[in-house]
Amino acid sequence: MAEDTKIRSSEITDEATYLNRRSFIKAGALAGSAVATGALYRYLNPPPPREVSTAKIGDFSEAESPLSDELTSLQDITNYNNFYEFSTDKRGVAPLVDDFEVRPWTIAVDGLVEQPTLFGIEDLLKIDQEERIYRFRCVEGWSMVIPWVGFPLSKLIEKAKPLSKARYVAFQTYYGGANPSGAQLPPGPNGMGNIFAGIPFPYVEGLRMDEAMHPLTLLATGLYGRLMPAQNGAPIRLVVPWKYGFKSIKSVVRISFTDEEPPTTWSKQAPNEYGFYSNVNPDVPHPRWSQATERRIGEYGRRETLPFNGYGEEVAGLYKGMDLKRYY
Ligand code: MTE
């Protein structure tokens, strides 16, 4: 993952209108390849922000954040995304998701469980949905405050009845072809066919069992009181607020219980840069940039990054006795 050095959307837009076509062509020639030119073009001419049209799923406040921090706008949350299956360009995801079919959708729950089960998204939406306003910190150095809707992952784990030897939970994102429910996606970018992503698919993630059972760990089905927008990981994604955002895997189709630490996409890709735990930690720099501060989307300047993203009181006990510089 590249360090996020880009400036606010409003500033980028202003810059784009300021730069003339000629300087773009010159820069494009220097970039030297069709792909780089495409990326540069999108950078200089960001697509207009997309409105999300998902249905309301509850009578949620949408209003005051119980944190002292202001909520990030719906527009920023849904137009500045990391979803490499579609695009590595954060502003390029929202324009590509229109054909992403999320009905029907099932999640296979298997591995070390009493009875492997296929849950339909409708069944999961029947579980009591709550609004949870969480800080969200990406490893790249930007952050948001997001009013999620969803339910604790522990509720699904209790239904799944894992065996006592299950010590970890592995997650997998939908990728290509038919998902277990039979939903077909067209090939190409809208079918999550991003061959330029540079990471292996399907995207996989994992948690230790006690992390997965922690009351803060959410399976999110929406945000801002609406069904989950596709670009944010429809129809259901993980949210682990004290870990870097890449642990919060999107569009989940499989949850498996294992007795071994499962592989995770970014730690497979660059083990010296991304570990299994990836707890937000201002004292452990990424090999290529500091993690001491972050840029809150929608704000100027940078703010200090908090240990465990500010959730230390709730979660530090999970790591008692562990050297978090070693287990990063
Ligand atoms: N899940 C999948 N399947 N693919 C991805 O590329 N990106 C991760 C995470 N989950 C990613 C993913 C990263 S790096 C971040 S920061 C968050 O999703 C971004 O979530 P958002 O777009 O809803 O802000």
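This chain uses plain numbering: 1 for the first residue, then up along the sequence. As the structure lists them, so they are numbered: ligands from 1, and atoms in each ligand from 1. Because the structure is a prediction, the values reported are computed rather than measured.
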Seminar exercise, completed: The protein residues that pass the under-4.0 Å heavy-atom test against ligand 1 are M1, N81, N82, F83, Y84, E85, F136, C138, W142, T173, Y203, N232, R237, G245, F246, S248, I249, K250

Exercise. In Å and rounded to the nearest 0.5 Å, what is the CG to OG1 distance from D76 to T78?
Worked result: 8.0 Å

Exercise. Got a second to check how far I107's CD1 is from Q172's CD, nearest 0.5 Å?
Worked result: 11.5 Å

Exercise. Got more than 12 heavy atoms from elsewhere within 6.0 Å of NZ, K268?
Worked result: yes

Exercise. Strictly by modelled atom types, are E211 and Y319 linked by a side-chain donor-acceptor pair under 3.5 Å?
Worked result: yes

Problem set entry | Check: W242/N279 side-chain N/O donor and acceptor closer than 3.5 Å | yes

Seminar exercise, completed: Applying side-chain contact (heavy atoms from CB on, under 4.5 Å) to P152 and not counting sequence neighbours gives E130, R132, S154, K155

